[in-house]
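Reviewing the structure listed below.
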Amino acid sequence: MRHERPVRTDPFPDRRTVEAARDGDAGAVERLTAGALPLVHHVIRRAAESDLDVDDIVQDMMVAVIRALPELPDTARFRSWLVAIAVRQLTDARRAPAG
C-alpha cells in the first residue's frame, strides 16, 4: 500500500506576504513570523540536542529572521532561507559556552 503525501492547500508563505514583509509592512511581518513559527520550532526541536534550550534558540532565530528580512534576496526561497538561518542558530547555540 502506497501512502501519498498530503497536498498542502494553503501555500505558506505566499509570495506577496514575503515581499510585503521584506519591504517593511509590519502586518505582513507579523503574519509571516506567526506562520513560520511552527516550522521553525519543529526544525529546531528535531535537530537540537537535549541540553539546548529550544525556546531560546527559536526566539533568537525569529529575531534574526526579522532583522535579516529586508536583505532577503529571493522571496520565492523564503522557506529554504528560513531553514538556513535555523541551522546557523543551532550551530551558534552548540558553540556557546554552557551556563
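- The minimum heavy-atom distance linking L90 with A47 is given by the pair CD1-CB, 3.4 Å.
- Taking CD from Q89 and OG1 from T91, the interatomic distance works out to 9.0 Å, rounded to the nearest 0.5 Å.
- Ion pairing of R15 with D74 is present here, as a side-chain N (NZ or NE/NH1/NH2) and a carboxylate O approach within less than 4.0 Å.
- Atoms OG1 and CG, on T33 and L82 in that order, are 10.5 Å from each other to the nearest 0.5 Å.
- Taking E49 as the reference, R94 meet the side chain to side chain donor-acceptor pair (under 3.5 Å) condition, with sequence neighbours excluded.
- Across P38 and G35, no two heavy atoms sit closer than the pair CD-O, 3.4 Å.
- Of all heavy-atom pairs spanning A21 and A28, the tightest one is N-CB, 3.5 Å.
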Show me the side-chain donor-acceptor pairs of residues 52-70 shorter than 3.5 Å, one per line, residues at least two apart or across chains.
unit_1, atom_1, unit_2, atom_2, d
D53, OD1, D55, N, 3.1
D53, OD1, D56, N, 3.3
D55, OD1, H41, NE2, 3.2

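- E19 CD to F78 CZ: the interatomic distance, rounded to the nearest 0.5 Å, is 12.5 Å.
- Atom CZ of R45 is surrounded by more than 12 heavy atoms from other residues, nucleotides or ligands within 6.0 Å.
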